[in-house]
> 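I have a structure here, written as structure tokens, and I will follow up with some questions on it.
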Amino acid sequence: MRVAAVELGDGEEEIIPGGRMAPDDLPTSYLLSAGYDGKAEKAFLRLYEPTSQQIYLWYDDTNHLPYCISKASPEELRKNKGLVGYPGFLSLEEEEKFDALRGEAVKVTKILASNPLAIGGQGRSGIRYVIGDSWESHIRYYQNYIYDRGLVPGMPYRVEGGRLVEEKYALPDDVAGRMDAIFAEEEAEFREHMREWARLLQCPVPPLRRVAVDIEVYTSVANRIPNPDEAPEPVIAVSFVSSDGLRRVLLLNEAGEAELPVVDGAEVVFHADERALIEEIFRVLNEYPIVLTFNGDNFDLRYLRRRAQNLAFPLEEIPITQGRRFTFLRNGLHIDLYRFFLNRSIQIYAFGNRYRENNLDDVASTVIGKRKLEIGDISGLSLDELARYCLRDAEITYELTSFSDDLVMKLMVILTRISRMTMEDVTRMGVSRWILALMEHEHRRRGWLIPNAEDIIEAKGGTTTEAIIKGKKYLGAIVRSPKPGVHFDVTVLDFASLYPSAIRNWNLSYETILCGHPECRGKVVPGTSHWVCTRRRGLTSLLIGSLRDLRVRWYKPLSRDPGRSEGERTFYDIVQSALKVFLNASYGVFGAESFPLYCPPLAESTAAIGRYAMTQTVDASRKLGIEVIYGDTDSVFLDQPTTAQIQKLVGWAEDELGIEMDVDKVYRYAIFSKRKKNYLGVYPDGSVDIKGLTGKKRHIPPLLKEAFLRLTGILGGVKSIEDIPGAKEDIRDLVESVHARLQGRDFDLNELAFSVMLGRKLSSYETNPQHVKAAKMLRERGRTLDIGDIISYVVTQGGVKPVQLASRRDVDVDKYVEYLESMFEQLLDALDMDFDELVGRPRETTLDSFFTR
DNA sequence: AACTGTGGCCTGTGAC
DNA sequence: GTCACAGGCCACAGTT
């Protein structure tokens, strides 16, 4: 009998779950997760019941089976001895599906098996390898189960007489009424979709009971973290912080001599032996429906499981199951916040790119304004310090989910509902998988065959435009050359969700682009040779389009509606951010080879429509008498437009392009050099908006950054053209003082350090850039280095040196003056100022002045 | 063989 | 996803 979890690859694990079975009648409970129980050979669901605040397991009662699809007939398949004799093979069922690529019905055969392994196998085995071509065979079994039963993770269900019943949440009448009014003009198909989306998004999210866990491990070598797959060292501390008030630190005190530390507002407990300590940890892990960690997949929970095995815990007493990359719990859900915050879409679109490094300290300090405690080596801490340090980590881990009224938990649940993925998966996987799941769900719901990647490429082919950047696949957005100089009263207009609007308006989808109907060939995407179907509504167009409309015309206005309570506004803001994450990724995925529905002409057409919208808008502005100073992808910077002119332009875009334009920002004035993606704008309140300028980049030495910040401070104080001479004086003083500091070597070495991230392993660099040189010097001194590490180096006379190995005398001061110059020049150019003059260097004799002498 | 100027390329960091 | 920048690396060609 198998007791241990058998690994099936990422995420799919033949888990033997533990915990409470759902009673025959379970009140309203939220579906959070699903899996496959290898022993029972059944799919199971994890339901969170908000009154008892517990997880209940519910097992499939419909005899749902794993399957994949073949285009061969049952008769043909029956001749395949390898298939018929395959262990676990059960039966064949003929079925009709819709082949969207061909636009016609297709007869397929469902191949049913007793367990998911028989379909997918391990390595190169499984039915899908025996039969050659197969469809829908790479979908995780529990995900298949969710699709086939039309389940929506994150939504409420009930168990009645042992059966799972949907708790049909209906939109309140007044909400439905207002929505109908707003979307009255939309196509019926869109309206239906939007109503269903709104039902999922509007349904309240219950408070989720959860505990954050953090462990500390003894380190025999200072600062060397023990390998969690070996777990050689004892667990010396663990802390819990929960939503129901638990704040507890468990400490290992084998000597039994120390005095129990007192930590404010927390309970501290000693354990004389590690086994008892771990047993207590497991008791808490089993008790909570949701366990939060920061990097628990790769460290805390992984270590605990291994450590328990080392201490000869019987497997069934370890509540942790281990996949190749992820670590799960038998009873509840494990959510690794490290993975969630690492997700680039979450980082950029949900948190505005506020945190840059993916460690707990950086994320927590920018998101909730709380830092880790600073310590040296773990093993050098007193029990008192250890307890405080460990508690703080659990505390900030918990608070990352609790700030702003549980914003992050709600965001996760909303993402779960949109994507149809389990909460564990949605917090671990990238946005392309979310979109894939959403698309798969919609295919299954409609009875469409989910195409394989090769099917789409074969039918639709590649791209026809040439990218500007070598090595890219197709032509992207337009960036206009800015008009250099200082411009007062600049208004920036942007398209509301340009690419999703393009996808919606032009009916873009993998099945509608380059369709087979001769009569559609005239509907050509401007700037390409691709045409789009005029007969059928594209699936992507419908999904993305309806989500877009809902965000732009419903949730975004609501999140800013002063007539709503603050709580409501926050919730609407979460929803609109979640939608934004989806929408922003929706175009890119179709241009990513790794995406299973990769469709180059689709991505290419989307970008082409974006270019068309931009060029048309610039033309229209010109005709309205507005000068366009700059524009990038979906925005235009207008020079002193009147309100009437703006209104006309917005109206034009709505009528001619079918896209809403919003006033994104208004600058009191803006400074442009001739560089694209580089400018400084000053808002009416004097705050400064900086884009692309070198002085803002994260790798720039603090001394230079500081100087740049002061420069922007001076510019922020400029109210009108009359203030400019004064500002110039201030800038002159600033440059002089920084220059003098450099020349006088009046600095700390750290202030001059460039901090550049290692983008790959040291061995795989083709060239030898500066940060790699410095990294190699560190490695020679025994530092271990990894992808993502930040290398700090200073530029010295003899080349670069890691900041740790350099001294102040080494510094190549002239080089730093050069950096200062090029950084300042990006703005001084536009102000007609000359850096050389500011630092007392004679003006270069230009050829011109030479001849006119 | 050493030096220098050039231009393509690599790398990291952003904008959108 | 593509576009754009800074800044340095590096191969190459031509010169001394």
Side-chain angles (χ1 to χ4, degrees), chain A residues 344-345 347-349 352-353 356-357 430-432 435 463 465-482 492 494-500 502-503 580 583-595 598-600 602-608 610-611 613-614 630-637 664 673-681 689-700 704-705 754-760 762 764-775 787-791 793 795 799-800 815-816 818-819 821-823 825-826:
Chain A
R344 264 187 61 79
S345 297
Q347 187 175 346
I348 296 171
Y349 299 119
N353 217 359
R356 298 306 175 86
E357 289 160 52
V431 68
S432 68
I435 292 172
T463 55
T465 57
E466 187 101 9
I468 288 176
I469 302 170
K470 237 178 101 180
K472 300 288 179 189
K473 288 169 287 199
Y474 58 90
L475 191 56
I478 291 177
V479 187
R480 291 175 53 83
S481 292
V492 183
D494 69 355
F495 292 112
S497 301
L498 176 64
Y499 290 150
I503 291 171
K580 183 178 173 185
L583 293 170
N584 277 321
S586 62
Y587 140 76
V589 293
F590 289 103
E593 263 167 277
S594 55
F595 187 59
Y598 175 50
C599 185
L602 174 49
E604 184 176 36
S605 300
T606 311
R611 293 194 297 276
M614 167 67 91
Y630 176 62
D632 184 349
T633 310
D634 62 352
S635 65
V636 280
F637 290 57
D664 180 31
S673 68
K674 60 181 192 302
R675 297 165 189 83
K676 298 173 176 180
K677 296 188 186 283
N678 268 264
Y679 60 88
L680 178 145
D689 188 27
I690 305 160
K691 299 291 180 188
L693 300 174
T694 305
K696 209 186 85 169
K697 297 195 173 182
R698 71 159 176 224
H699 66 286
I700 293 301
L704 299 178
K705 220 177 218 177
F754 287 89
S755 302
V756 179
M757 188 162 60
L758 283 178
R760 53 180 79 181
L762 270 191
S764 60
Y765 278 95
E766 287 179 47
T767 53
N768 201 10
Q770 294 188 321
H771 68 296
V772 173
K773 277 184 189 150
I787 298 174
D789 285 351
I790 307 262
I791 306 298
Y793 63 88
V795 179
V800 298
K815 200 73 206 168
Y816 279 89
E818 264 181 48
Y819 295 135
E821 175 172 9
S822 83
M823 191 177 79
E825 243 173 21
Q826 294 175 349

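Every heavy atom of this structure was used, including side-chain atoms; hydrogens, water molecules and symmetry mates were not. Residue numbers begin at 1 in each chain, while the letters A, B, ... track the order of the sequences.
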> Which nucleotide in the set C/dA4, C/dT2, C/dA6 lies at the smallest distance from any side-chain heavy atom of A/T694?
C/dA6

> Any sub-3.5 Å donor-acceptor pair from A/R611's side-chain atoms to A/L475's backbone N or O?
yes

> From the options C/dC10, C/dG8, B/dT11, select the nucleotide whose nearest atom is closest to the side chain of A/N768.
C/dC10

> Mind checking if A/K677 touches a base, just sugar-phosphate, or nothing, with heavy atoms under 4.0 Å?
base

> Counting only side-chain N and O atoms of A/K697, is one of them less than 4.0 Å from OP1 or OP2 of B/dG14?
no

> Contact class for A/Y679 (heavy atom, under 4.0 Å): base, sugar-phosphate, or nothing?
sugar-phosphate

> Check whether any side-chain N or O of A/R675 sits under 4.0 Å from OP1 or OP2 of C/dA4, and answer yes or no.
no

> Could you tell me which non-hydrogen atom of A/K676 sits nearest to which non-hydrogen atom of A/R480, and how far apart they are?
CG-O, 3.9 Å

> Would you mind checking if A/D632 and A/K677 are paired as a salt bridge, meaning a charged N to carboxylate O distance below 4.0 Å?
yes

> Which listed nucleotide (C/dA4, B/dT13, C/dA6) is nearest to the side chain of A/H699?
B/dT13

> To the nearest 10°, give me the bend of the helix from B/dA1-C/dT16 to B/dC16-C/dG1, comparing the axes of its five terminal pairs at either end.
10°

> What is the distance, rounded to the nearest whole Å, between atom OH of A/Y630 and atom C1' of C/dC5?
11 Å

> Verify the contact: side-chain N or O of A/Y819 to OP1 or OP2 of C/dG8, cut-off strictly under 4.0 Å; return yes or no.
yes

> Among C/dC5, B/dT13, B/dC16, find the nucleotide with the atom closest to the side chain of A/N678.
C/dC5

> Scan A/I468 against the nucleic acid and name what it touches under 4.0 Å (heavy atoms): base, sugar-phosphate only, or nothing.
sugar-phosphate

> Can you check whether A/H771 has a side-chain N or O nearer than 4.0 Å to OP1 or OP2 of B/dG12?
yes

> Please figure out whether A/R344 or A/S755 has its closest DNA chain B nucleotide nearer the 5' end.
A/S755

> Looking for any heavy atom pair under 4.0 Å, which part of the strands does A/S635 touch: base, sugar-phosphate only, or nothing?
nothing

> Using a 4.0 Å heavy-atom cut-off across all strands, classify A/K815 as base, sugar-phosphate, or nothing.
sugar-phosphate

> Below 4.5 Å, heavy atoms only, C-beta onward: do A/L758 and A/Y765 meet side chain to side chain?
yes

> What contact category does A/Y765 fall into here, base, sugar-phosphate, or nothing, at under 4.0 angstrom with non-hydrogen atoms?
sugar-phosphate

> Of the nucleotides C/dG1, B/dT13, C/dG8, which one has an atom closest to the side chain of A/K473?
C/dG1

> Centroid-to-centroid, A/Y598 to A/F595, below 6.0 Å?
no

> Name the closest nucleotide to the A/E766 side chain, picking from C/dT2, B/dT11, C/dC5.
B/dT11

> Using a 4.0 Å heavy-atom cut-off across all strands, classify A/Q826 as base, sugar-phosphate, or nothing.
sugar-phosphate

> Given C/dC9, is OP1 or OP2 found less than 4.0 Å from the side-chain N or O atoms of A/K773?
yes

> Side-chain N or O of A/K676 versus OP1/OP2 of B/dG14: is the shortest distance under 4.0 Å?
no

> Have a look at A/Y474 and say if it touches a base, only the backbone sugar-phosphate, or nothing, with a 4.0 Å heavy-atom cut-off.
sugar-phosphate

> Looking at A/Y474 and A/A467, what are the two nearest heavy atoms and their distance?
O-CB, 3.2 Å

> Provide, to the nearest angstrom, the distance between the CD atom belonging to A/Q347 and the C1' atom belonging to B/dT13.
13 Å

> Look at the side chain of A/Q826 and the backbone N and O of A/T694, then say whether any donor-acceptor pair between them is shorter than 3.5 Å.
yes

> Rounding to a whole Å, what distance do you find between A/L762:CG and B/dG12:P?
11 Å

> Checking all strands, does A/A592 fall into the base, sugar-phosphate, or nothing category for heavy-atom contacts under 4.0 angstrom?
sugar-phosphate

> Please compare A/V772 and A/I348 by the position of their nearest nucleotide in DNA chain B and report the one closer to 5'.
A/V772

> Please report, rounded to the nearest Å, how far the C1' atom of C/dA4 is from the NZ atom of A/K674.
13 Å

> Do side-chain atoms of A/Y793 reach the backbone of A/V772 as a donor and acceptor pair under 3.5 angstrom?
no

> In whole angstrom, what separates A/L583's CG from C/dG1's P?
18 Å

> A/K691 near the nucleic acid: base, sugar-phosphate alone, or nothing, with a heavy-atom cut-off under 4.0 Å?
sugar-phosphate

> Nearest to the side chain of A/K472 - C/dA6, B/dC9, C/dC3?
C/dC3

> Between A/K473 (side chain only) and A/G591 (backbone N and O only), is there a donor and an acceptor less than 3.5 Å apart?
yes

> Under 4.0 angstrom, heavy atoms only, what part of the nucleic acid is A/L475 near: base, sugar-phosphate, or nothing?
sugar-phosphate

> What's the closest nucleotide to the A/K696 side chain, out of B/dT13, B/dA15, B/dT11?
B/dA15

> Within this structure, what is the OG-CD1 distance for the pair A/S497 and A/I503, rounded to the nearest 0.5 Å?
10.0 Å

